[in-house]
2 protein chains.
Amino acid sequence: MNEIDHATEAAWTALMTKSRVLLEAVETSLKSAGYPPLAWYDALLELEKAGPDGLRPFELKDRILLPQYGTSRLLNRMVKAGLVDRQDCLEDGRGQNISISEKGKSVRRAMWPIYERVLSERIGAKLKPKDAAQLATLLSRL
Amino acid sequence: MNEIDHATEAAWTALMTKSRVLLEAVETSLKSAGYPPLAWYDALLELEKAGPDGLRPFELKDRILLPQYGTSRLLNRMVKAGLVDRQDCLEDGRGQNISISEKGKSVRRAMWPIYERVLSERIGAKLKPKDAAQLATLLSRL
DNA sequence: CATATGTCGATGCATTGGCATCTATATATG
DNA sequence: CATATATAGATGCCAATGCATCGACATATG
């Protein structure tokens, strides 16, 4: 089997279109409020969830779906911006531990209302919770 | 209203994750088969659908969801690769007409089986047509 | 222990993308 | 018609990304 049916194509097209439009809406809102891109939020959130021990870069990259070099550079920028702390890893001489700083926490907290507002307007207002849940379920099967 | 419910958040997360993973799968397949990125396919398809008169760049940009400067540069590369032809626009001295070349048509045709295979494996095999249609419908409401 | 192989993270190089701005032409307005 | 404003498309500058590869350390294998 290889030919795709019309519904598959429609789902793909809608998936690409809407994800791009929504992502751009989020990015635009964050930027115009003076905040960093969404990728920074994702990284900050994962680091905050990981607790005070933080994460190794290779662990983080799997959670934020960024390539190894992309994660390396993102962390550089975030260190420079003072949002995360980098320290040498004791158990593994090659590695390092990344943890969120207080400033990082506060930036993440400040970004959330902006982010949430877009999601609320663009998704919450358009789909009842049941439909949103159904959407999530269908997507999770991909 | 501004607080988002759990289902909205789950839908958003799944939307971001799956769209990125699927897109990357498509891009990887195309690249490893020696073809250009998906954006080129999209542009070629729109130009082919537009017929022999082709499209003005500003028309194309709306259909492929690219910023003006992105479209300008994409077209540069595609002209250089010989996939599209650019000619001055008669009705508007500022503008130009872009049309797909024979080579462009054949490249698009050759890309499709690669593209389709990924969609088939990643979507068609996972969702019955009815579910895919349901997914498309839910997404279309966003 | 010595060597081969694997994993972690960084980086040089080239390509792509974002932003602001420019030129040229078109259209509107007095 | 003269001037102001708007639109089409290109581009300089800088930042971000992709790719390949590197150096450092870790682990497996003889």
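Source: prediction; values computed, not measured. In what follows, chains carry the letters A, B, and so on, assigned in the order in which the sequence lines appear, proteins first and then strands, with residues in each chain numbered from 1. Heavy atoms only: backbone and side chains are in, while hydrogens, waters and symmetry mates are out.
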Any side-chain heavy-atom pair from A/S120 and B/T8 closer than 4.5 angstrom? no
Between D/dC14 (C1') and B/R73 (CZ): distance, integer Å: 11 Å
Output every pair passing ring pair (Phe, Tyr, Trp, His ring centres under 6.0 Å) with a member in residues 74-112 of chain B, not counting sequence neighbours, ordered by first then second residue. B/W112-B/Y115
Which nucleotide of DNA chain C is the first, and which the last, in the 5' to 3' direction, to come under 4.0 Å of a heavy atom belonging to chain B? C/dT16 to C/dA26
Mind running a 4.0 Å heavy-atom check of residues 77-99 of chain B against DNA chain D and sending the residues that fall below it, in number order? B/R86, B/R94, B/G95, B/Q96
Counting only heavy atoms not in B/R77, do more than 12 fall under 6.0 Å of its CZ? yes
When the side chains of residues 32-55 of chain A are checked against the rest of the protein, which donor-acceptor pairs come out under 3.5 Å, sequence neighbours left out?
residue, atom, partner, partner atom, Å
A/S32, OG, A/T28, O, 3.3
A/S32, OG, A/S29, O, 3.3
A/Y41, OH, A/R108, NH1, 2.8
A/E48, OE1, A/R108, NE, 2.6

Is the count of non-hydrogen atoms from other residues, nucleotides or ligands lying under 6.0 Å from B/R86 atom CZ greater than 12? yes
Taking only Watson-Crick and G-U wobble pairs with both distances under 3.5 Å, what dot-bracket line describes DNA chain D, where [ ] shows pairs that cross earlier ones and | shows pairs with another strand? ||||||||||||||||||||||||||||||
Length of the line joining B/L74:CG and D/dT11:C1', which is rounded to integer Å: 16 Å
Counting only side-chain N and O atoms of B/S72, is one of them less than 4.0 Å from OP1 or OP2 of D/dA10? yes
Tell me, which of residues 33-70 of chain A have any heavy atom that sits under 4.0 Å from an atom in DNA chain D? A/P67, A/Y69
Specify the separation, in whole Å, of atom CD of B/E27 and atom C1' of D/dC19. 15 Å
Would you mind reading off the distance between B/N76 atom CG and D/dT11 atom C1', rounded to a whole angstrom? 10 Å
Contact check, side chains of B/L135 and B/I123, non-hydrogen atoms, under 4.5 Å: no
Does the pair A/R20/A/E24 count as a salt bridge with the N-to-O cut at 4.0 Å? no
